[in-house]
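Basis for what follows: all heavy atoms, side chains included, without hydrogens, waters or symmetry-related copies.
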Amino acid sequence: MSAWLPDETTLQCGDAPRRGHDRGAGFLALLGDQAADRTARITAAGAAWLAGASAYPRSTLTQWQARPASPGVLPCGSAFDVVNVPTLFGRRMLEHLWSDGPGSGPVATHRGRMLLFASPGTAQRLPSLLDWEEWGGGLEPRDGGPEGDTGVPPLLCHGTGDAVTVPPLTCDPAAAGPRWVVAPDTRSPWLPGPDVLLWACVRVTRSAPDSAVRNPIFPTGDPDANVYDVSRRR
């Protein structure tokens, strides 16, 4: 399974516009000159994919270009769903997704929560799969916890009819607010489905919080870093 589908329209630093896919020189100036880590930096192609979730993609892109430091609000259910989890639990999910699983789609943080972008329909199916897994014994009660506590915190699943806040095109490292952990960098990002996210939830609950994880994503010198090693994108 590929973590990100190849897309030749992705605009990286220094790239020239290709085949007319660029939305204008403004995006290249805004997105191509950022000094942040590439993993957490959105590209012009990634911005175009996000804008495609709105009813008026061109207007959305124009607004973002005019106000690149302002977060946006996009509807869920068409281009993507979003699974909203506590940050610590989300970090552990990403550890397993990247060390033992297929990888992740775009991921953002906002107000102490982690937003995992998923395939449309995930918001409807994932809660049912979690309930079934718990009923079937796949999620065992956590030792020392209250009865019925499986270690999976309440997940907020945003789908059709919901909207989420997405980070701005340019993020000041010192500013508060939403920011990308894994930013979209292609017009066709791979998005995990409910089965993949269920697997990640089960892996987190079955592993001790302090257990060693192969190929840790977070550098040992900075355990709170929001930059993930995605060199294994395939």
Colleague: When you look at V83 and H158, which way does the side chain to side chain contact (heavy atoms under 4.5 Å, CB included) test go after all the steps?
Modeller: CA-CA 6 Å; V83 177; H158 307 293; over 6 Å; no
Colleague: Is there side-chain contact between M93 and C201, with at least one heavy-atom pair below 4.5 Å?
Modeller: yes
Colleague: Heavy-atom distance under 4.5 Å between the side chains of V85 and L116, does that happen here?
Modeller: yes
Colleague: Rounded at 0.5 Å granularity, tell me how far CG in L129 sits from CD in Q124.
Modeller: 10.5 Å
Colleague: Suppose we call two aromatic rings close when their centres sit under 6.0 Å apart. Are F117 and W180 close by that rule?
Modeller: yes
Colleague: Please report the closest heavy-atom contact between L191 and P106, naming both atoms and the distance.
Modeller: CD2-CD, 3.7 Å
Colleague: Under 3.5 Å, which donor-acceptor pairs link side chains of residues 44-54 to any protein atom two or more places apart or in another chain?
Modeller:
residue: S54; atom: OG; partner: A51; partner atom: O; Å: 2.7
residue: S54; atom: OG; partner: T60; partner atom: OG1; Å: 2.9

Colleague: Quick check on side-chain contact (heavy atoms from CB on, under 4.5 Å): which of V107, V164, L74 does V82 satisfy it with?
Modeller: V164
Colleague: Measuring only between side-chain heavy atoms, which start at C-beta, is P68 closer than 4.5 Å to P168?
Modeller: no
Colleague: Considering non-hydrogen atoms only, spot the tightest contact between A183 and A40 and give its length.
Modeller: CB-C, 3.8 Å
Colleague: Could you check if a side-chain atom of L115 sits within less than 4.5 angstrom of a side-chain atom of T109, using non-hydrogen atoms only?
Modeller: no
Colleague: For residues L197 and A118, report the shortest heavy-atom separation together with the two atoms involved.
Modeller: CD1-CB, 3.9 Å
Colleague: Is there a side-chain contact between P189 and T186 in this structure, where contact means two heavy atoms from C-beta onward sitting under 4.5 Å apart?
Modeller: yes
Colleague: In Å and rounded to the nearest 0.5 Å, what is the CZ to CG distance from R67 to L169?
Modeller: 12.0 Å
Colleague: Where is the tightest heavy-atom contact between P86 and P154, given as atom of each residue plus distance?
Modeller: CD-O, 4.4 Å
Colleague: Run the side chain to side chain contact (heavy atoms under 4.5 Å, CB included) check on E95 and S207 step by step: do they pass?
Modeller: CA-CA 11 Å; E95 291 281 358; S207 62; over 6 Å; no
Colleague: State which residue, out of R92, R203, R206, fulfils the salt bridge (Lys or Arg N to Asp or Glu O under 4.0 Å) condition with D100.
Modeller: R203
Colleague: Just by distance, with hydrogens left out, do S119 and T122 show a side-chain donor and acceptor under 3.5 Å apart?
Modeller: yes
Colleague: Can you tell me how far CG of D185 sits from CZ of R41, rounded to the nearest 0.5 angstrom?
Modeller: 10.0 Å
Colleague: Grab the two heavy atoms, one from S104 and one from V182, that are nearest each other, plus how far apart they are.
Modeller: OG-CG2, 4.3 Å
Colleague: Do N84 and L155 have side chains that approach each other closer than 4.5 Å (heavy atoms only, starting at C-beta)?
Modeller: no
Colleague: If you measure from OG1 on T87 to NE2 on H110, what distance do you get to the nearest 0.5 Å?
Modeller: 11.0 Å
Colleague: Check whether D81 reaches the backbone of G159 with its side chain - one donor and one acceptor, N or O, closer than 3.5 Å.
Modeller: no
Colleague: Can you find a heavy atom in the side chain of P184 that is under 4.5 Å from one in the side chain of T43?
Modeller: no
Colleague: For L126 versus P194, what's the shortest heavy-atom pair and its separation?
Modeller: CD1-O, 3.6 Å
